[in-house]
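We count ligands from 1, going down the list as the structure has it; atoms in each ligand are counted the same way.
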Amino acid sequence: MNKGTTMSIEAATQDIHAFAQKARDAIYRTIFLRRDVRGQFLPKPVSDAVLSRIITAAHYAPSVGFMQPWNFLVVRSADVKRRVHSAFVRAHTEAAEMFEGEKRATYKTLKLEGILESPVGICITCDRSRTGPVVIGRTHMKTMDLYSSVCAVQNLWLAARAEGLGVGWVSIFQQAALQQALGIPKGITPIAYLCVGYVSHFYAKPELESAGWLPRMPIEDLVYFEQWGCRDDEALLVRQLIRDQAAAQAAADVAPLEPATA
Ligand SMILES: Cc1cc2c(cc1C)N(C[C@H](O)[C@H](O)[C@H](O)COP(=O)(O)O)c1[nH]c(=O)[nH]c(=O)c1N2
């Protein structure tokens, strides 16, 4: 295919509202290079200017009925971090017992938090009664408020990656123990405890993938058409998805480590 043909296909599929190629590349780069960071945190402080940008990005997440059920609890105190870490250790010990045999041995070798090493912790919560009992879009599916707070987590995670900050989500807690460590009242649900900080490097692949815990699933197994379970392996979309996943995987395979400054 010559350059002219490529460009005309590009022009034909590009909406007038689409961002310029460079801006689109930056978005996809942020998505593909985001990682869950546990062990590479540096003590370098995170400025209020940067923290403010990523928390503002989180606050601009979508939410059911525009409920904005979140709060952002910023943790910098070593003492509070120690309390959160103790809650993690208790749950982590219990969790190890839930896996069998080889999985249990592997689980014990995994680093699954950076609570003490990361300079900042941010707990994103959900106030389930923030705008009263009846919320547009949540009248029948009550968990939509929780999902809204998760959208805020993802916004923060992506914005942080663009800022060069690593983020690690820790959920290995008894919920009540985490609430107690952070003074979160009963009516508020902790959604994510996030370890945030600059890092020595970002891995190219999920650590659980590199550790052989689980592989990334083939995207073609996950896409159905019209009815649950109906695959169409001949569909153009499926063929394109396979190519796009292969390209994403190839990029990850050739770059086992990526410098934090890249
Ligand atoms: C709801 C939820 C909860 C957790 C996580 C994620 C999410 C979405 N993840 C991170 C998870 O292991 C990671 O996202 C996957 O392994 C994929 O890796 P990347 O995020 O692509 O690097 C996570 N990681 C960890 O080390 N300890 C944890 O307790 C959790 N908990």
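- Residue pairs meeting the side-chain hydrogen bond (donor to acceptor under 3.5 Å, both in side chains) criterion with at least one member in residues 186-198: none, sequence neighbours excluded.
- By the 4.0 Å N-to-carboxylate-O rule, Asp221 lies too far from Arg216 to be salt-bridged with it.
- Salt-bridge annotation for Glu117 and Lys81: absent, with no side-chain N of the basic residue lying under 4.0 Å from a carboxylate O of the acidic one.
- Hydrophobic clustering, defined by side-chain heavy atoms of Ile, Leu, Val, Met, Phe, Trp and Tyr closer than 4.5 Å, leaves Val134 isolated from every other such residue.
- With side-chain heavy atoms closer than 4.5 Å counting as contact, directly or through intermediates, Met98 stands alone and belongs to no larger hydrophobic cluster.
- Using a 3.5 Å distance cut-off with no hydrogens or angles, the side chains of Gln249 and Gln245 do not pair a donor with an acceptor.
- Sorted by chain and number, the residues within 4.0 Å of ligand 1 by heavy atom are Arg34, Arg35, Asp36, Arg38, Leu112, Trp169, Val170, Ser171, Ile172, Pro206, Leu208.
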